[in-house]
Amino acid sequence: MTLPNTSHSNTAPSDKALVPFVSVDNMMQLIHHIGLETMLTGLATYIEDDFKRWESFDKTPRVASHSDVGVIELMPTSDGEAYGFKYVNGHPKNTSEGLQTVTAFGLLADVYTGYPVLLTEMTLLTALRTAATSAMVAKHLAPAGADTMAMIGNGAQSEFQTLAMKAICGLKSVRLYDKDPAATRKCAANLAGLGITVTECTTPEEAIQGAQILTTCTADKQNATILSDNMVGAGVHINAIGGDCPGKTELAAGILSRSDVFVEFPPQTRIEGEIQQMPEDFAVTEFWKVVTGQAEGRRDPRQITLFDSVGFAIEDFSALRYMRDHIKGTAFYEDLDMLADPDDPRDLFGMLGRAKP
Ligand code: NAD
């Protein structure tokens with residue numbers, strides 16, 4: 001094929017719009033540069049700010065493509081000025097193959113032009129935003145003075161969950177349990193020296209002893225019973241992270257009946273969350289209403305509060321906004337040439353001439 005003979009130069013114009021890209025390596029460096037707990041606290045503020053303006057967002061349950069071994073999802077939202085989406089997978093069998101259960105990347109775009117303004121890795125960022133969301137919710141719902149958490153499931157999310165609770169809720173002590181003792185040893189070693197008392201437990205019953213916050217963060221594509229009804233006493237806050245897919249839950253249904261359940265976006269949570277076990281009209285509170293004062297959070301020290309977290313697109317949007325604002329003026333990104341810029345916008349074909357050998 002003969003390419004067009006155009007008058008265009010062979011190089012792209014110097015004012016070409018480039019898209020900042022944050023690689024995994026740069027994300028790691030940025031986290032160290034900002035400080036993990038400072039970043040978790042900052043992310044929680046961005047997420048809370050977006051929960052306060054929940055009604056201004058386009059909301060849709062995420063688009064999920066299920067297979068026998070996992071799920072691949074797209075999570076879009078927009079506030080009318082910016083548009084964001086995340087690509088994320090969930091493959092519990094991956095760890096046995098030396099791969100991550102969850103990997104992700106995301107993009108932020110300008111609604112006015114439709115042009116991307118940021119592309120970033122989101123595997124680490126998802127762990128941070130999930131932990132920041134958990135802690136932001138626990139700040140509103142956990143019983144006063146809560147300082148001990150049971151962390152059941154000691155995989156990739158677990159240290160982030162613990163440190164966000166420390167930074168945002170004043171957690172002093174964490175009690176770890178995983179069905180795989182190697183995961184517990186890994187989590188304990190990673191948390192050593194970070195200003196939190198760590199206790200390694202050999203059963204979930206031992207882990208919940210004396211804990212006011214119970215976090216479940218296991219990965220198994222089945223209706224599991226990580227917490228049975230008789231394990232949950234009055235006055236605790238449950239932060240249920242791992243049940244986030246149809247057919248994948250962690251809590252006995254009896255716990256849900258005894259709890260006040262708080263969710264992100266009910267149409268998505270009813271499909272994916274713990275409440276998929278309950279009738280369609282099971283009463284839940286949308287958490288953004290607690291943040292805006294339109295609904296009550298914890299009203300009684302003996303009440304069981306339950307955050308049925310599945311992860312919602314607005315939390316990723318907040319994280320993308322945080323990244324856009326915090327990479328400015330740093331060296332923690334590279335510019336990507338991912339926007340075609342023909343000299344005449346209608347002459348895309350002609351632009352090929354720039355690369356003509
Ligand atoms: P991971 O595979 O790294 O860790 C999961 C851990 O759970 C493993 O160590 C495994 O041994 C343990 N486990 C499995 N079954 C168990 C059981 N019955 N009892 C005790 N431990 C058990 O996964 P991860 O990245 O830490 O993610 C954990 C879960 O959280 C996944 O299901 C993931 O989909 C979910 N997740 C939710 C959100 C959200 O926003 N709600 C965000 C990220 C991840």
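Atoms within a ligand are numbered from 1 in the order they appear, just like the ligands themselves.
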Protein contact of [atom] - nearest heavy atom, named by residue and atom, plus distance:
{"atom": "atom 34 (O) of ligand 1", "answer": "D244 OD2, 2.8 Å"}
{"atom": "atom 12 (C) of ligand 1", "answer": "D178 OD2, 3.2 Å"}
{"atom": "atom 29 (C) of ligand 1", "answer": "T218 O, 3.3 Å"}

Is [X] close to ligand 1, meaning an N/O of one under 3.5 Å from an N/O of the other?
{"X": "I241", "answer": "yes"}
{"X": "S158", "answer": "no"}
{"X": "N154", "answer": "no"}
{"X": "S309", "answer": "yes"}

Residue part near ligand 1, for [X], under 4.0 Å between non-hydrogen atoms:
{"X": "T130", "value": "side chain"}
{"X": "V310", "value": "backbone"}
{"X": "K248", "value": "side chain"}
{"X": "H91", "value": "neither"}

Quick one: which ligand 1 atoms are inside 4.0 Å of a heavy atom on [X]?
{"X": "T101", "result": "1 (P), 2 (O), 23 (O)"}
{"X": "A183", "result": "9 (O)"}
{"X": "R129", "result": "40 (O)"}

Any Lys/Arg nitrogen of [X] or [Y] sitting under 4.0 Å from an Asp/Glu carboxylate oxygen of the other?
{"X": "R321", "Y": "D50", "answer": "yes"}
{"X": "D244", "Y": "K248", "answer": "yes"}
{"X": "D180", "Y": "K186", "answer": "no"}

Would you call the rings of F51 and W54 parallel, tilted or perpendicular, where under 30° means parallel and over 60° means perpendicular?
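Tilted: the ring planes of F51 and W54 meet at 30° to 60°.
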Just so I know, are the side chains of P116 and L339 near enough to count as touching, which here means a heavy-atom distance under 4.5 Å?
yes
Least distance between heavy atoms, K52 atom then T292 atom
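Minimum heavy-atom contact is O-CG2, 3.6 Å.
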Give a yes/no on ligand 1: does G90 have at least one heavy atom closer than 4.0 angstrom to it?
no
